[in-house]
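The sequence lines fix the lettering, A, B, ..., with proteins before strands; numbering per chain opens at 1. This structure is a prediction, so every number in the text was calculated from the model and none was measured.
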Amino acid sequence: MAAVAAPMASRPRASKSESFVDNKRKEDIRSANINAGRAVADAVRTSLGPKGMDKMISTASGEVIITNDGATILNKMDVLQPAAKMMVELSKSQDSAAGDGTTTVVVLAGALLRVCQVLLGAGIHPTVISDALHKSCGKSVDILTAMAVPVELTDRDSLVKSASTSLNSKVVSQYSTLLAPLAVDAVLSVIDPEKPEIVDLRDIKIVKKLGGTVDDTHTVKGLVFDKKVSHAAGGPTRMENAKIAVIQFQISPPKTDIEQSIVVSDYTQMDRILKEERNYILGMIKKIKATGCNVLLIQKSILRDAVTDLSLHYLAKAKIMVIKDVERDEIEFVTKTLNCLPIANIEHFRAEKLGFAELVEEASLGDGKILKITGIKDMGRTTSVLVRGSNQLVLDEAERSLHDALCVVRCLVSKRFLIAGGGAPEIELSRQLGAWAKVLHGMEGYCVKSFAEALEVIPYTLAENAGLNPIAIVTELRNKHAQGEINSGINVRKGQITNILEENVVQPLLVSTSAITLATECVRMILKIDDIVTVR
Amino acid sequence: MPIDKIFKDDANEEKGERARMASFIGAMAVADLVKSTLGPKGMDKILQSTGRGHSVTVTNDGATILKSLHIDNPAAKVLVDISKVQDDEVGDGTTSVVVLAGELLREAEKLVTSKIHPMTIIAGYRMAAECARDALLKRVMDNKEDAEKFRSDLMKIAMTTLCSKILSQDKEHFAEMAVDAVFRLKGSTNLEAIQIIKKPGGSLRDSFLDEGFILDKKIGIGQPKRIENAKILVANTAMDTDKVKIYGARVRVDSMTKVAEIEGAEKEKMKDKVNKILAHGINCFVNRQLIYNFPEELFADAGVLAIEHADFEGIERLGLVTGGEIASTFDNPESVKLGHCKLIEEIMIGEDKLIHFSGVAMGQACSIVLRGASHHVLDEAERSLHDALCVLSQTVNDSRVLLGGGWPEMVMAKEVDELARKTAGKKSHAIEAFSRALVAIPTTIADNAGLDSAELVAQLRAEHHNQGCNAGIDVISGAVGDMEERGIYEAFKVKQAVLLSATEAAEMILRVDEIITCAPRRREDRM
């Protein structure tokens, strides 16, 4: 039935009310959109896979970023064309849905767009293509799910394997043996036994500190602040058996919300005021000291100074360690970790609101200092990771890579299936969809067959980026899969086809399924557009 | 001699033929613009904003496209307006109304060139519209009595509305959701009680209907995350500090202690306020404005759940659904109406934490959580769902339904054609033209689907020659089919509104014979 539609569409229209059909423009816009989308995909194509290359981005502000992460590259690219923008959005969505596979999803969408262009050229109506895409997408998810291997959270090895697959394509790949287990442990430690499906990555704090090498990256059981202890008045920098208070008020001379001024008429009065100020602060510090508190975390304040030199001096005398300028957003994380309550007023400063830790110390690292709080009593389900790197670029990339790895582990927690990597799922999809296309009727079958071929772009690009002969590799891969070895994939290190599961190249099912669903959704949207209207 | 200075310098006027031409062309251009979005296989448009950020919207909704256009042509503006009105009144058919009006004008243009007076055309159009409406009335179906059938009618209407939108692949899922939501309203058309929350991530299929209310906010630190039998006070009050709102107000003191005292007094005042609020016997406090750390801590100490910074819409709706009133003074606890709900808890959707109020007083309220790949998808999904909800809530009140897929247009065209034959005089040309304009809708639907419209419409016309036929264009199979079997239904109210407002708009534009452009107001010269 749909087959009848195409030749008719190409025939000149005979509608009597339409004297002139401006279809040229619509075709132009569609192909402009498709070309823009493909251009974006081509830009990130070379960064796919373990031997993918990095991109250097120099931003408008002169900052330089080196990254392999598709989402970051696209995010920094200043695209204007609406369809290109949609591709950028696509990689963002993949980033938030799965965290990894941000390059894959764009490359996939680009490949699909290419075949759509061919199909459109053959005179197939865009909605027919779009429907066929939707169908093959549903089918693909089924095929992928059938291929997947269930994984248990107790199976730490598998988790580490999938995390290292994600890390292998990054700058920090040589450290994957270190970072992968680190990511796995970090995620597993924040899982709430009551809600085992949900991982809130906000419970994992990544602190970057320049200096050392990526090798020095480690998790800290407790809290890490990229801050110094206030030294101004020579207060303590190391505290054992710390009683920690998180305060949201300021230890400085009072300031009212209503505008105020103190009228000073003579010298003695000034003296008195100074004394009063001193007494006021002393009074506060005495109250603090009375509860036995010896470490203060002070929230950053915009209204007035959180601490003054004077109060620091007194606090130092009282042997209270002060860490100031804790961001307001961090307060929740800090209180959750320390298992304490924030204190917003001096009157409410009570011992039961304090948190306890065995050791709070300032440690010198590289060119700066950090603060570590360890041995926290009744610690909340949070983890801090201290990332080190020899320069800012490596450091940033290491953080992004670690984030990807964390996301991969999170995917596995929410959907506990693993699938082979190395292009194996894509080639298998391509094979099965191709077979399925033969039983479909009409135009749909033709479209599905083309999509099946488009999926080969992933193994093709993997091979190409690794400097292998893509055609030879993909053909052999196809051959292997036809013989039923569904886990054969490209082993980039050895430069040949092997059973990829044995090589420990695995990725979460969620990454693959979300890449394919998101890519098709985006392509379908681009296909359906026939006009760009400029509006206010 | 000609009086050449009636108008100011920049003002100009166009007369007679020229003016009519200008308005015809403008209106037809607008109609042609949205024409390709009509029907289940209609295409989408990208709206690219020229403003800051160059934000991009992808949409299929006629009203949204027209609303955002830069339009200078006065006649085109009339069409934009009728589509806006259609959107407000019935929610759907925003494209159809513009396309129909455009076609009516296209036909009128031909008549005008063959020297028929616009007033005659208008008279003919009026008669035709009346006749078309009667034809529809004769064929409406009403299943109000039979609850089950009525529900299935609604489902079909929702699916028909949704099938032209981005939600078409999951239309059953969404139709189900929309019908459930509308049934909860129990006949009221207050769509505000249905809240749509958009959360990127997941796919459209993961969207769900939630009984209760969801607020996209966080609960304060150290406060209970779950409250049963909540008593809610919804407020719009400053919980930072009560300031004297007179410019330059200040206090003068002569010592530090006094400053401390004032600060203490301010704190005390805040504490009083909190205590007053607590005196209402509440365990949940929702404020539109910020809540500072200090009162937040006080609330935490009292075991009250305090939500800050709930946006204006959020609290109004919350007030509505929980049955509470928005309070801003707290001196008379008796006079303030508190909201109630059975359970407040924190839930997670995607990556975000939201606050969920269930068992709310007004059982009508519900929230629809939309999930989708990107913001574009979500925004478009929201617009589509909103259309469906509008149509459904209108249909609940006026339960008459019609078949879809170009069926009503063919029915009307047939009756109008017969009227033309019976009418004597020049008017009959106009009536005939009206019927041609009606047929343009099925023609466009077929064209958009890439089908041979001339062939299909001719077939359809032949089918309709038989009395009581249900034939319409089945876009999926690309042939003429029985609309009742395919389950393609539309609300009578939508069709009627399309018919009447399109006719009125066309009539109004036809009447124009002079366009006067006023001189633009001069900007102040920046010398």
Can you name the nearest heavy-atom pair linking A:A83 to B:I46, along with the distance?
N-CD1, 4.4 Å
When every non-hydrogen atom of A:K528 is compared with those of B:G42, the smallest separation belongs to CE-O, 3.4 Å
Distance-only, no hydrogens or angles: does the A:H125 side chain make a donor-acceptor pair with backbone N or O of B:L451 under 3.5 Å?
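Judged by distance alone, no pair lies under 3.5 Å.
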When rounded to the nearest 0.5 angstrom, what distance separates [atom1] in [X] from [atom2] in [Y]?
| X | Y | atom1 | atom2 | result |
| --- | --- | --- | --- | --- |
| A:I526 | B:D44 | CD1 | CG | 11.5 Å |
| A:M525 | B:E380 | CE | CD | 6.0 Å |
| B:N60 | A:I529 | CG | CD1 | 11.0 Å |

Heavy-atom check, side chain of B:I65 versus side chain of A:D531, under 4.5 Å
no
Can you tell if the side chain of B:K45 reaches within under 4.5 Å of the side chain of A:D530, non-hydrogen atoms only?
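Yes, close enough: below the 4.5 Å cut-off.
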Interchain contact, A:D131 with chain B, by part (heavy-atom threshold 4.5 Å)
both
Side chain from CB out, backbone as N, CA, C, O: work out which of these in A:L527 comes under 4.5 Å of a heavy atom of chain B, or both, or neither.
backbone
